[in-house]
Amino acid sequence: MDEYSRFVDWDKMDVSAQSQDTKELTCTDLHELKQLARQGYWAKNHSLRAKVYHKLISNIPCRTVTPDANVYRDIVVKIVGKRNSSSLPLPEFVDNSLIPTYCLNAEGIGAVRKIILCIANQFPDISFCPALPSVIALLLHYSKDEAECFEQVCRILACNDPSKRLIDQTFLAFESSCMTFGDLVNKYCQAAHKLMVAVSEDVLEVYSDWQRWLFGELPMAYIARIFDVFLVEGYKVLYRVALALLKFFHKVRAGQPMESDSIQQDIRAFVRDIAKSVSPERLLEKAFAIRLFSRKEIQLLQMANEKALQQKGITVKQKRQNVHLAVHAENFKSEIVSVKEMRDIWSWIPERFALCQPLLLFTTLEHGCSLSRFYSHSEGHEPTLLLIKTTAKEVCGAYLSTDWSERRRGGNKLSFFGTGECFVFRLQPEVERYEWVIIKHPELASTGSETENHAQPASSTLSSSSIPSDPSDRLSPFLAARHFNLPSKTASMFMAGSSECIIVGGGDGQALYLDADLNHGRTSHCNTFNNQPLCSESFQISILEVWGFRD
């Protein structure tokens, strides 16, 4: 056997992978490398695949200080000590129940845990990386020793090319990739998506398994072929293969009763036993037959989903457990929202305020419908939360990032202030949260038409298949927030207040106007992503409340 066989149990290895045919890889042209990777040029020669992996990973652009093999040799004894590797506790950012062994021997299986612990020591910024054990286990098959495998994995993790996405290392990145995969399924696997909706209560939960299918359930021969292409072409390949898996699952299982009570378990079982129905070559052929979005378009979609998660406060797994302590049923009472609804709102606010408790500052039921009293009770508090219930039983509101006293900077004129953290939302009749854009107001030099002019070139970065062709009708919230080239004078126009009215600029073109008597309000909306208004264009206020944040 070759020098890369130390951790391999050849009795488990695919016989075709043991070919010792003399092959060399001399090409450096990216297009040719893609073709060779897709064709499996180095798949049947163990030593050649090891050398190709080493070459491709060595060419990954990395941070200046990236741990190498020598670092591993220095730290492994200190971190692992004399403990049995099979009993080593793993860091929280990996799934302890899913450590693939593939075709590793006993030494290799133990080495996976040791390398994971050493990586956790060197990469404290990793918070969620369920694919890591699979990548380590796979690369150990093609490494001379543990230190070499450690160095190669570190280079993958430390990639600093912003255009080259490799492995998700945070829950935000992972969760947004699951949402992106769901978007892609909805577009490219409509029959499978229809099945998922029919048999699952939570479709996103099913799609959140997509990386597990690849880095956990797939047999060694399959994930190795995928990894061949992944190192050449990047993250997009993973989406392709996962989509192909779902297509094959639907084709093979269509019309058949589910084998378990969970569609998730059925898909996992199908992927584990995929060799019964689909070869690696056929899987890749199906994957590359899908006419997927461009890499740039997928990146934009991924960023849009990340931004949506950030706006909802979902950046760390289970980080919102303490919301129940902040908004406690025994000490919270509102005439507009329930405890559950307030907790939903709390999950959207910036993390630094999420553990504060809500404090009622003003309510029209007690303080009357006076704008001056509204200001006097709200000033001195930052941020604040505005809740409105209309006579039509609509419920909407706004998170306001800045103290209302800032309005005085404009003297007697309508003064605009606030930050991009402001947002408006609707709770009844349906829950919706709107991303921010600048306030639309006829007195502003930067009018809605000017905003649309800014939006036009931004929307052209996506193909007509990804968003509608008319950006003035529907514009992605991500593009609205990310690509508007706002001048400095309008960069903070999210809140406005005077003795005559209040204006709150929401998102997706939404704006909320309240008259001085706090009895009547109106909304304006344009460029909405889903064409759902905040509430009625003109409405009568039944109750209005302002809440502050108490430490």
Side-chain angles (χ1 to χ4, degrees), residues 29-41 43 163-166 168 176-197 203-204 206-211 213-215 218 222-223 225-254 267 270-271 274 277-306 457-471 474-476 478-479 529:
D29 178 70
L30 180 60
H31 180 73
E32 188 177 353
L33 272 175
K34 283 184 179 181
Q35 294 304 314
L36 293 175
R38 293 186 184 189
Q39 294 167 7
Y41 180 81
S163 66
K164 196 178 186 69
R165 182 189 180 110
L166 292 177
D168 296 331
S176 63
S177 78
C178 296
M179 293 172 63
T180 300
F181 178 69
D183 292 334
L184 296 177
V185 172
N186 195 20
K187 179 171 179 60
Y188 295 103
C189 305
Q190 294 181 7
H193 180 68
K194 186 176 181 180
L195 174 64
M196 298 302 114
V197 173
V203 175
L204 184 58
V206 176
Y207 297 152
S208 293
D209 250 9
W210 80 278
Q211 288 196 29
W213 303 340
L214 305 178
F215 297 110
L218 273 176
Y222 291 76
I223 187 59
R225 284 295 304 276
I226 295 165
F227 206 75
D228 293 347
V229 189
F230 167 73
L231 286 178
V232 178
E233 300 189 35
Y235 200 89
K236 183 178 175 180
V237 172
L238 304 182
Y239 282 133
R240 284 189 176 280
V241 176
L243 290 170
L245 286 171
L246 203 56
K247 282 179 175 286
F248 277 122
F249 171 80
H250 178 261
K251 181 178 180 180
V252 172
R253 297 291 176 86
I267 298 176
F270 171 79
V271 175
I274 193 171
S277 54
V278 183
S279 67
E281 291 75 19
R282 192 175 170 209
L283 178 62
L284 287 174
E285 181 182 347
K286 172 71 79 173
F288 288 106
I290 301 171
R291 300 191 63 178
L292 206 57
F293 285 156
S294 70
R295 183 178 288 105
K296 178 63 175 177
E297 289 166 336
I298 290 178
Q299 184 181 23
L300 284 174
L301 184 58
Q302 183 92 13
M303 293 172 69
N305 286 328
E306 282 195 14
S459 64
S460 66
T461 60
L462 291 178
S463 70
S464 59
S465 63
S466 59
I467 63 171
S469 58
D470 182 6
R474 291 178 65 183
L475 183 63
S476 161
F478 161 69
L479 293 177
F529 182 56

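Contact of the Leu246 side chain with the Tyr207 side chain is registered, since non-hydrogen atoms from C-beta on lie closer than 4.5 Å. Residues Leu245 and Val278 fail the side-chain proximity criterion, which asks for heavy atoms closer than 4.5 Å. Counting heavy atoms from C-beta outward, Gln211 and Ser177 have side chains that approach closer than 4.5 Å. For the pair Ile267 and Asp209, the minimum side-chain heavy-atom distance is 4.5 Å or more. Taking 4.5 Å as the limit, every side-chain heavy atom of Leu214 sits out of range of all side-chain heavy atoms of Tyr222.
For the atom pair Lys34 NZ and His31 NE2, the distance stands at 8.5 Å (nearest 0.5 Å). In this structure, CD in Gln39 is found 11.5 Å from CG in Leu284, a value given to the nearest 0.5 Å. Interatomic distance, Leu184 CG to Gln302 CD, rounded to the nearest 0.5 Å: 9.0 Å. Here the straight-line distance linking atom OH of Tyr188 with atom CZ of Arg240 works out to 8.5 Å at 0.5 Å rounding. How far NE2 of His193 is from CG of Asp183: 9.5 Å, rounded to the nearest 0.5 Å.
Nearest heavy-atom pair, Ala37 versus Val229, reported as atom, atom and distance to 0.1 Å: O-CG2, 3.7 Å. For Ser208 against Cys178, the heavy-atom pair with the smallest separation is CA-SG, 3.4 Å. Considering every non-hydrogen atom in both Lys164 and Leu231, the closest pair reads NZ-O, 4.3 Å. Looking at every heavy atom in both residues, Lys236 comes nearest to Ser294 through NZ-CA, 3.9 Å. Residues Leu238 and Ile226 approach most closely at CD2-CG2, 4.1 Å, considering heavy atoms. Shortest non-hydrogen contact noted between Ala244 and Ile290 is N-CD1, 4.1 Å.
Annotation: Phe249 is not in aromatic contact with Trp213 [ring centroid separation under 6.0 Å not met]. Taking the six-membered ring for Trp, Tyr239 and Trp210 have ring centres closer than 6.0 Å.
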Stepwise side-chain contact (heavy atoms from CB on, under 4.5 Å) check, Val232 with Val237: CA-CA 9 Å; Val232 178; Val237 172; over 6 Å; no

side-chain hydrogen bond (donor to acceptor under 3.5 Å, both in side chains), that's the test. Do Asp228 and Tyr41 meet it? Break it down for me. CA-CA 9 Å; Asp228 293 347; Tyr41 180 81; over 6 Å; no

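Annotation: cation-pi pair Arg38/Phe288 present, NZ/CZ under 6.0 Å from the ring centroid and within 45° of its normal.
Listed by first then second residue, pairs satisfying side-chain hydrogen bond (donor to acceptor under 3.5 Å, both in side chains) with a partner in residues 278-292 read Arg225-Glu281, not counting sequence neighbours.
Using modelled atom types, one side-chain atom of Arg295 and one backbone atom of Glu233 make a donor-acceptor pair closer than 3.5 Å.
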